[in-house]
There are 2 protein chains.
Amino acid sequence: MTDEQRAAYPTGLRERKKRRTRDALLHAALDLFTTQGYEETTVDEIVEAVEVSQRTFFRYFASKEEAAFAIQEMVESSFLSELRRRPAEEAPFDALRGAVLCAWNSIGETIEELVTVELHMRTYRMIESTPSLLAAHLRRCADLENQIALLIARREGLDVDEDPRPRVAVAAFCGVMRVTGQLWGRGRESGVDSLRALTEAYLDQLGPALAGNWRTESGATAG
Amino acid sequence: MTDEQRAAYPTGLRERKKRRTRDALLHAALDLFTTQGYEETTVDEIVEAVEVSQRTFFRYFASKEEAAFAIQEMVESSFLSELRRRPAEEAPFDALRGAVLCAWNSIGETIEELVTVELHMRTYRMIESTPSLLAAHLRRCADLENQIALLIARREGLDVDEDPRPRVAVAAFCGVMRVTGQLWGRGRESGVDSLRALTEAYLDQLGPALAGNWRTESGATAG
DNA sequence: TGTCAACTGTCAGAGGCTGACACTAGTGTC
DNA sequence: GACACTAGTGTCAGCCTCTGACAGTTGACA
């Protein structure tokens with residue numbers, strides 16, 4: 001259970017107030033970030049909108065950056081629990097593939113209490129198009145990759161330090177995921193559907209892409 | 001030709017002085033970073049060691065971060081030129097594999113004028129173990145990935161926006177490269193040889209790792 | 001030698017972030 | 001219901017990265 005989820009069921013007035021302050025700060029931050037840009041938004045502007053002190057902002061979020069990733073954080077832990085729920089018979093790669101698609105299907109339920117799906121999508125695109133946030137995003141992905149590799153290894157009864165396959169498979173999978181994420185962020189269609197379609201098409205091309213000679217085989221299948 | 005390489009052949013006294021200042025700053029920075037840590041080192045400490053003003057540091061390096069990646073920058077462009085030099089008959093994945101191994105073989109010649117290979121290795125490990133630098137490193141890798149994908153696509157006469165295979169293959173390749181880089185950074189052996197051995201072993205496992213059921217096949221081949 | 005342009009230093013300041021300390025307002029207790 | 005306790009907050013003061021403006025210095029070149 002994450003802090004966010006625990007905080008979703010406040011007991012007393014103090015907890016409710018705390019939650020309201022955090023939600024207001026997060027909302028104001030994401031709203032400002034996505035409308036006028038991340039770098040262009042100062043913490044002072046955020047706290048001004050919520051009418052709290054700057055010090056308070058930094059008590060809820062360790063950094064300005066952390067606020068930008070608050071929703072992403074929830075989506076990732078949602079993916080991890082989907083992956084843990086996958087049937088043991090499934091091959092590793094199929095389990096990974098199934099887990100992302102499921103996580104995206106249920107994205108609404110995951111974040112509904114905090115923000116609209118639309119704001120989340122806008123935030124994602126902002127992250128992809130802001131260099132410093134993209135850097136942070138990739139580092140978070142690396143952490144996630146590590147966790148996934150451990151999960152996959154355990155599923156298969158392997159040790160990640162003995163057998164390269166868990167890490168290698170997860171690296172390839174996450175690599176493709178990032179490519180689709182970036183393409184989707186740069187593209188025009190911003191719905192979850194187009195992201196899913198892109199992901200499925202690209203994952204299907206992983207095998208063929210690694211095969212020896214491309215010139216003797218058939219060409220494009222997605223665009 | 002990069003700025004560094006052009007600056008390696010100075011014409012006048014002014015250029016030589018400029019180069020000496022830059023080299024001194026870079027050396028002092030990397031030395032301090034690797035001995036006392038990146039975050040623990042202030043720009044003031046660096047400029048104090050070289051006896052220039054802080055303002056001067058920021059004229060040579062856009063940021064403290066940029067100094068940390070100066071060598072990496074050279075290595076990356078060295079990899080790219082190795083890749084361009086690969087025979088056209090080679091399959092895409094083989095070309096990528098060959099290019100990294102060649103780039104690492106000639107790493108000494110690439111950076112010899114600036115720093116020792118040993119300092120570069122220490123710097124690499126520092127980058128891998130410093131969260132904020134790791135983030136920046138991954139973003140740089142993403143940029144590089146994009147360039148590589150364009151190169152591979154051109155080699156094969158494809159359009160990256162039409163055929164997913166260039167991006168997908170490069171993503172998988174770079175994913176494995178990062179895994180080996182991280183493992184090497186965390187490990188005990190710090191030579192180029194151990195990095196190369198690890199890379200070869202892991203790249204060999206890419207095919208098997210994506211194949212359906214791992215439990216019916218043979219196990220570990222690298223440690 | 002003198003002029004021009006490039007490089008550098010100083011100064012002032014914005015913006016992210018932190019520690020210390022005092023104050024306010026919920027919480028649990030008698 | 002009055003009490004002390006504690007979590008949450010604001011204020012202030014300061015560090016560090018990075019930038020703009022302006023002035024001083026030093027090679028380059030006629």
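Each chain gets a letter, A, B and so on, in the order its sequence line appears, and its residues count up from 1.
- At a cut-off of 3.5 angstrom, counting only N and O atoms as typed in the model, there is no donor on one side facing an acceptor on the other between the side-chain of A:Arg55 and the base of D:dG8.
- Remark: side-chain polar atoms of A:Gln205 are not paired, donor with acceptor, to backbone N or O of A:Tyr202 under 3.5 angstrom.
- One N or O on the side chain of A:Thr35 and one on the backbone of A:Leu32 form a donor-acceptor pair closer than 3.5 Å.
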Run the numbers on B:Arg22 and B:Arg19 for side chain to side chain contact (heavy atoms under 4.5 Å, CB included), then give the verdict. CA-CA 5 Å; B:Arg22 199 197 125 98; B:Arg19 190 184 193 294; 5.7 Å; no
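- In this entry the distance linking NZ of B:Lys18 with P of D:dA28 reads 12 Å, nearest Å.
- For DNA chain C, none of the residues of residues 129-141 of chain A falls under the heavy-atom distance limit of 4.0 Å.
- At least one donor-acceptor pair closer than 3.5 Å links the side chain of B:Thr116 to the backbone N or O of B:Leu119.
- Under a 3.5 Å cut-off, the side chain of B:Arg125 and the backbone N or O of B:Gly187 do form a donor-acceptor pair.
- The heavy-atom pair separating B:Ala171 from B:Glu145 by the smallest distance is CA-OE2, 3.4 Å.
- Residues that satisfy the ring pair (Phe, Tyr, Trp, His ring centres under 6.0 Å) test with A:Tyr38, not counting sequence neighbours, are A:Phe33.
- Within the structure, ring-ring contact (aromatic ring centres under 6.0 Å, His included) contacts touching residues 60-86 of chain A (residues at least two apart or in different chains) are A:Phe57-A:Phe61.
- Atom pair B:Leu25:CG and D:dC18:C1' shows a separation of 16 Å (rounding to whole Å applied).
- Rounding to whole angstrom units, CD of residue B:Gln54 and C1' of C:dT8 are separated by 14 Å.
- Here the C1' atom of nucleotide D:dG8 and the CZ atom of A:Arg16 are 16 Å apart, to the nearest Å.
- When the side-chain nitrogen and oxygen atoms of A:Lys17 are compared with OP1 and OP2 of C:dG26, one or more of them lie within a distance under 4.0 Å.
- Remark: C1' of D:dG8 and CD of A:Glu15 are 12 Å apart, rounded to the nearest angstrom.
- Here D:dT9 presents its C1' atom at 17 Å from CZ of A:Arg22, a figure rounded to the nearest Å.
- Every residue two or more places apart in sequence or in another chain that forms a salt bridge (Lys or Arg N to Asp or Glu O under 4.0 Å) with B:Arg86 is listed here: B:Glu90.
- A donor-acceptor pair is defined here as one N or O able to donate and one able to accept, closer than 3.5 Å; no such pair exists between the side chain of A:Trp104 and the backbone of A:Asp193.
- The stretch residues 57-66 of chain A touches DNA chain D through A:Arg59, A:Tyr60, each having a heavy atom under 4.0 angstrom from the strand.
- Atom CD of A:Glu48 has 12 or fewer neighbouring heavy atoms from other residues, nucleotides or ligands inside a 6.0 Å radius.
- Using a 4.0 Å cut-off on heavy atoms, the residues of residues 34-53 of chain A that approach DNA chain D are A:Val52, A:Ser53, listed by number.
- To the nearest angstrom, P of D:dC16 lies 14 Å from CG of B:Leu32.
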